[in-house]
Amino acid sequence: MKLFANKTQRNAKLLRCAALGMTLVFLGAVIFMTNPVQHIVDWQLSLSPGTLLYNLWLFPPLEVYIMVYMFNYTNVDDFIAGRATKLKVEQVGPYVYKEVLSNHNVTLNEANNTISYTPRREYIFIRDRSVGDPHLDRIRAPNIPYMGVSTHAASLSMFAALGISALTKRLNAQPMLEVSVHDYMWGYEDHLVHLASKFVPSYIDFASFGIMEKLFREGNESNVVNMHLPERRDSNGVVLPNEPRGYSLHSVNYGRGFMRWDYNEATNGTLCNRIWGSHDATLFPRDMNEEDEFFIYRRTFCRRLPLKFVRTLKFRGQDAFEYTMEPHIFDSELGNVNSSCFCKNNQCLKRGVGNVAPCYYNMPLAITYPHFMHTDPSLLEQFDGLKPDESLHTSTFMLQPQLGVPLHTHMRLQANQVVGKVKFNRLMEPFENMVLPLLWVDLTIDNLPVILQLLVHGIKYAFPLLQGILALGLILAGLYQLTAAFMLCFWSPPGRVHSKIEHAERAASIINGLTIGVSFHKATPTTAASTKSTAECVQEAQKLLSRSEV
């Protein structure tokens, strides 16, 4: 206590060094034990308003491109006339569009730990990536509304079928159109569609028809998606029981399954007709592992599609989990509960052909892999020009496991016109029981944007390294200050030691001088002046001795 009661500059410095040293060591130890960087990262990568991930999610920086390949039918007249036994098709493309996604009308639902929003997608044509100008390039391709009506007429009564056939003849409708690529994709005027929109507006609420418009844009402004937030945890960081997977879909337009595929809310449906539990392919859980299984959902597919884990790899310096879509995902069987819902009226499409009609006004449309890859061989036998190739037509996904975002993606799917039985329509008879390819698309993500690459490297390397350097630096600086305080407590600085020696030596010389002076005074008379001088010398010696003791 005597040491701390001393008000000298030396003791004040000792106290400052000791206090600063203990504070720095404490802060360094706290950083090591609590890992604050991880807490900050977890907070910033939550979908809470104002966080980094929330702002990125509102306007995702992912560059998504849709490469569209059209099929141009080159021998239609010969095929209809019976002079050709196969349809010849020529692939034209790609025509490339950039998909720009933004999320709106966001609502956080704390009661069930979900977030609701309306995704909006815009499509911007990218000329320098495309093979030509879709407004100028022209193709000959199936007249989708006409073929759809003709196929549907076969299931009606004879009089209704004759009436529809007479109507199509009066409107001079043809099974094949010659049209620009842009109009075929995004909308062309069709007399049948225009007439149907007048008579049954509650069913046909559009006056023009475009295949890409229906596949990608429809409902763009009105869909309401409800998505689960990351799993809630207890105080020990353990995930609470029965928590849905982070960023999986809870419902779309307030439905947890496809009602068109007979989803049963009471039983939570089957793998055939569920929406819940799938992902929208923009966000996946963080810190994924190789055992994870995922389904992806987009309205375009009219179903959710399973992803199968393939391998772990490095892609352009990033950790990646590679997934693929298996060959059989579009198969349907009446005896399989996980695919039987796709068989309408107890009729299933051929192997590898997925029915999507209920999602598109019951027009007979189907989804397959490009060029009929992995489908029933009989589909290919009816065409010249289709060349399935697994290296070009397989769908692959590379997901970044730490961040849970797509790193590199090729989702390749083909839209097709399904023609069934034909009645009372001579022009349609050559196409009876055929599946006609319309176009195929490749939804592509080339690589993570720079901001996400920096974030991934920061989470894995930079942030932990900087935190470790900071904590170690604080501890070392604190130990240095404590060592300085210890030195001040037990050892005097070298300068002070030399000063004390000098003072002691000077005092000793004065004392020696006084001793000689005293001996001299005994032999000689003492004057007042000499007495005063001796007294001053004694005082000076005492002062020097007292300084040396300090």
Are the side chain of [X] and the backbone of [Y] linked by a donor-acceptor contact shorter than 3.5 Å?
| X | Y | answer |
| --- | --- | --- |
| Gln414 | His371 | yes |
| Glu333 | Asn336 | no |
| Ser180 | Asp137 | no |
| Arg260 | Asn362 | no |
| Asn113 | His228 | no |
| Asn416 | Ala366 | yes |
| Arg256 | Tyr263 | no |
| Ser130 | Val96 | yes |
| Gln174 | Met176 | no |
| Thr396 | Met411 | no |

Is atom [atom1] of [X] surrounded by more than 12 heavy atoms (other residues, nucleotides or ligands) closer than 6.0 Å?
| X | atom1 | result |
| --- | --- | --- |
| Lys88 | NZ | no |
| Glu243 | CD | yes |
| Ile451 | CD1 | no |
| Lys86 | NZ | yes |

Side chain to side chain, [X] and [Y], heavy atoms closer than 4.5 Å:
| X | Y | result |
| --- | --- | --- |
| Val68 | Pro134 | no |
| Pro60 | Thr282 | no |
| Val337 | Cys272 | no |
| Pro145 | Asn143 | yes |
| Phe79 | Phe431 | yes |
| Val435 | Thr375 | no |

Decide side-chain hydrogen bond (donor to acceptor under 3.5 Å, both in side chains) for Tyr146 and Asn425; before the verdict, give the C-alpha distance in whole Å, the side-chain angles of both, and the deciding distance to 0.1 Å. CA-CA 11 Å; Tyr146 174 81; Asn425 191 326; 3.0 Å; yes

Flag the pair [X] / [Y] as yes when their ring centroid distance falls below 6.0 Å, and as no otherwise.
| X | Y | answer |
| --- | --- | --- |
| Phe284 | His279 | yes |
| Trp186 | Tyr97 | yes |
| Phe309 | Phe294 | no |

For the residue pair [X] and [Y], does the interplanar ring angle fall in the parallel (under 30°), tilted (30 to 60°) or perpendicular (over 60°) class?
| X | Y | value |
| --- | --- | --- |
| Phe59 | His104 | perpendicular |
| Phe216 | Tyr123 | perpendicular |
| His410 | His408 | perpendicular |
| Phe372 | Phe383 | tilted |

Item to complete: Would you please test Arg304 and Leu271 for side chain to side chain contact (heavy atoms under 4.5 Å, CB included) and show each step?
Response: CA-CA 8 Å; Arg304 62 179 196 168; Leu271 294 179; 3.1 Å; yes

Partner of Phe330 under side-chain contact (heavy atoms from CB on, under 4.5 Å), picked from Leu349, Val356, Val353, Ile367, is Ile367

Can [X] and [Y] be counted as an ion pair, charged N to O under 4.0 angstrom?
| X | Y | result |
| --- | --- | --- |
| Asp77 | Arg140 | yes |
| Arg351 | Asp331 | no |
| Asp280 | Arg121 | no |
| Glu99 | Arg298 | yes |
| Lys421 | Glu432 | no |

Chi angles and distances behind the side chain to side chain contact (heavy atoms under 4.5 Å, CB included) call for Phe258, Val252: CA-CA 9 Å; Phe258 293 93; Val252 175; over 6 Å; no

Could you walk me through whether Thr270 and Asn338 satisfy the side-chain hydrogen bond (donor to acceptor under 3.5 Å, both in side chains) test, starting with their C-alpha distance in whole Å, then the side-chain angles of each, then the deciding distance to 0.1 Å, before giving a yes or no? CA-CA 6 Å; Thr270 67; Asn338 291 321; 4.7 Å; no

To the nearest 0.5 Å, atom CD1 of Ile115 lies from atom CG of Leu229 at 5.5 Å

CD (Gln402) and CZ (Arg286) are apart, to the nearest 0.5 Å, by 9.5 Å

- Task: Evaluate the criterion side chain to side chain contact (heavy atoms under 4.5 Å, CB included) for residue pair Met227 and Tyr247; output intermediate values, then yes/no.
- Result: CA-CA 6 Å; Met227 180 175 69; Tyr247 305 123; 4.0 Å; yes

